[in-house]
K.L.:
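One structure coming up, written as C-alpha cells, with questions to follow.
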Amino acid sequence: MNDSPKRVRQIVAAALLLCASAAGTARGDEATQLTKLINSYREAGQGCGGQASPAAGPLAPDRRLAGQQVNSSEQLQQALQQAGYQAAAVQLIRVTGPDTPEAAMAMLQQSYCKQLQDAQFADIGVLHEGNSWQVVLGRALLPARLGDWQEEGKAILEAVNQARGTPRQCGDQPFDAAEPLSWSDALGQAALAHSRDMAMNSLFSHQGSDRSLVGARATAAGYTWTVIGENIAAGQGRAQQVVEGWLASPSHCYNLMNPDFHEMGAAYASNPQSQATIYWTQVFGAAGRSGL
C-alpha cells in the first residue's frame, strides 16, 4: 500500500512530535533527579569547606520557579511576578557544561555550597536546556490565611494518602502502592509539640531542644508504638507543598511510602522571628499493646 505525500508528512510530523515529547520527558526526569540530589545534599549536613553544618529542610519543586531561562536577578524577579510567585527570598544559580544531573550536582556543590544548604529556602525550580542548568531557590511569602494546625495536618494526611496510592521510586528504593494512613490525635500532638519547639528556637532537627527524639515525644503524647518515624520541613506555606518536598527527598519519601506505618499526625507552628518562619512535623506510627 502506498502512502500519499500528505500521509507521509503526517507520519513524519507525528514522529517528530513523539521525539520532542520524549526529549522533554527526559529533560524533566533529569531536572527531577537533580532536585533529589540537592535535597539529599541538604539533608546530609556536610557543610562547606569540610565543616559540618545543620541539616536543611527538603525543597518543594515549584513550576513557577522553573518557568523560563533568565540571565539576571532583575529578569528573575519579573518572571516570578508574572508567574504569581511572591518571594520572601530567592536565589538564582546557573552552571554550564555538565551533561548529567550527577555532573551538574558536582559543579553546584563545588561552587554554590552555601546557597544549596541555606535553610531559609523552601522551594526549588530546575530548568535544563542543552548543557545549561538553571536552579532557582525560593521561599514564598506565607499565605494570608492558614488553617489551624489540625486542619493543615489533615490536609497533609489527605495528600500523603494520595501519594501512597501510587507506586513510586524513593531514591534507589522502589515502593508499591501502600494502604492509606489514618489520623492519630496523639501523633498529632507529638507533631505539634515538635513544630512549636522548632519554631520557638529557630531549630531544624529531629532532636528537640531538650534532646528528645520522636519516640520519646510520641510516648509522652500517650501513643504506645511498635514502629515510629518522623518527617520535618520548614518554609513551605501549604500542606501540598510540604508533601511535594518530602516526595522529592529520598529519605522523607521512604518514610511516606513505608507500609509498616498505619497512622500519622501532622502539625505546623510559625514564628516570624525564626529563620524559616514556619515549621512542619509529621509523625508516623504503628500502635502496639502497652508493655510491648
Side-chain angles (χ1 to χ4, degrees), residues 39-40 42-47 51-59 117-120 122 146 148-157 160 170 181-236 239 242-243 245-246 249-292:
N39 274 335
S40 293
R42 285 169 65 87
E43 183 184 358
Q46 295 175 345
Q51 303 205 356
S53 69
L59 302 168
Q117 297 200 19
D118 194 331
Q120 72 172 316
L146 270 170
D148 65 24
W149 72 268
Q150 280 190 318
E151 181 181 341
E152 298 297 334
K154 290 181 179 180
I156 283 183
L157 172 65
V160 165
C170 298
L181 302 172
S182 58
W183 178 262
S184 164
D185 287 331
L187 293 182
Q189 290 294 334
L192 178 62
H194 191 52
S195 290
R196 286 176 171 171
D197 185 25
M198 290 194 292
M200 180 66 65
N201 294 286
S202 196
L203 170 73
F204 185 82
S205 174
H206 290 286
Q207 185 177 71
S209 61
D210 61 355
R211 307 184 74 82
S212 66
L213 295 176
V214 60
R217 293 191 291 267
T219 299
Y223 189 82
T224 304
W225 52 271
T226 56
V227 184
I228 204 78
E230 182 178 73
N231 280 345
I232 55 177
Q236 289 92 6
V242 176
V243 175
W246 286 332
S249 172
S251 65
H252 295 85
C253 176
Y254 182 98
N255 271 348
L256 194 147
M257 293 299 296
N258 191 336
D260 292 336
F261 295 131
H262 302 149
E263 298 175 282
M264 64 152 276
Y268 76 90
S270 59
N271 175 9
Q273 268 44 129
S274 63
Q275 185 176 28
T277 304
I278 186 168
Y279 296 80
W280 300 79
T281 305
Q282 176 185 33
V283 183
F284 303 90
R289 296 191 304 275
S290 178
L292 287 182

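What you are looking at is a predicted structure, and each value in this text was computed from that prediction instead of being measured. These values consider heavy atoms only, across backbone and side chains, with no hydrogens, waters or symmetry-generated copies. All residue numbers refer to positions in the sequence shown, counting from 1.
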K.L.:
Check whether any side-chain heavy atom of His252 lies under 4.5 Å from a side-chain heavy atom of Asn39, and answer yes or no.
P.N.:
no
K.L.:
Which pair of heavy atoms, one from Ala186 and one from Ala221, lies closest together, and at what distance?
P.N.:
O-CB, 3.4 Å
K.L.:
Would you say that His194 contacts Val283 through its side chain, given a criterion of any heavy-atom pair below 4.5 Å between the two side chains?
P.N.:
no
K.L.:
Out of curiosity, Gln120 CD to Ser274 OG, how far, rounded to the nearest 0.5 Å?
P.N.:
12.0 Å
K.L.:
Heavy atoms only: give me the nearest Glu43-Ala55 pair and the separation to one decimal.
P.N.:
O-CB, 3.3 Å
K.L.:
Would you name the heavy atoms of Ala233 and Val242 that are closest together and state the gap between them?
P.N.:
CB-CG1, 3.9 Å
K.L.:
Please round to the nearest 0.5 Å and tell me the distance separating atom OG1 of Thr281 and atom CG of Asn231.
P.N.:
9.5 Å
K.L.:
Can you name the nearest heavy-atom pair linking Ala276 to Ala234, along with the distance?
P.N.:
CB-CB, 3.6 Å
K.L.:
From Arg42 CZ over to Asp118 CG, what is the distance, rounded to the nearest 0.5 angstrom?
P.N.:
7.5 Å
K.L.:
Is it the case that the side chain of Ser184 and the backbone of Gly265 share a donor-acceptor pair, with hydrogens and angles ignored and the cut-off at 3.5 Å?
P.N.:
no
K.L.:
Looking just at side-chain N and O atoms, do Asp148 and Gln150 make a donor-acceptor pair shorter than 3.5 Å?
P.N.:
no
K.L.:
Once rounded to the nearest 0.5 Å, what's the spacing between atom CG of Asp210 and atom CZ of Arg217?
P.N.:
7.5 Å
K.L.:
Ignoring hydrogens and geometry, is there a side-chain-to-backbone donor-acceptor pair from Ser195 to Ala267 under 3.5 Å?
P.N.:
yes
K.L.:
List the steps, then state whether side chain to side chain contact (heavy atoms under 4.5 Å, CB included) holds for Thr219 with Ile228.
P.N.:
CA-CA 10 Å; Thr219 299; Ile228 204 78; over 6 Å; no
K.L.:
What is the distance from atom CD of Glu263 to atom CG of Leu157, rounded to the nearest 0.5 Å?
P.N.:
10.5 Å
K.L.:
Closer than 3.5 angstrom, by distance alone: can the side chain of Gln236 be matched with the main-chain N or O of Pro58 as a donor-acceptor pair?
P.N.:
yes
K.L.:
Is it the case that the ring center of Tyr268 lies less than 6.0 angstrom away from the ring center of Trp280?
P.N.:
yes
K.L.:
Quick one: are His206 and Ile232 in side-chain contact, heavy atoms under 4.5 Å?
P.N.:
yes
K.L.:
Check whether Trp183 reaches the backbone of Lys154 with its side chain - one donor and one acceptor, N or O, closer than 3.5 Å.
P.N.:
no
K.L.:
With rounding to the nearest 0.5 Å, note down the distance linking CZ in Phe261 to CG in Asn255.
P.N.:
5.0 Å
K.L.:
Could you walk me through whether Tyr223 and Gln189 pass side chain to side chain contact (heavy atoms under 4.5 Å, CB included), step by step?
P.N.:
CA-CA 10 Å; Tyr223 189 82; Gln189 290 294 334; over 6 Å; no
K.L.:
Considering only heavy atoms from C-beta outward, does the side chain of Asn258 approach that of Val227 to under 4.5 Å?
P.N.:
no
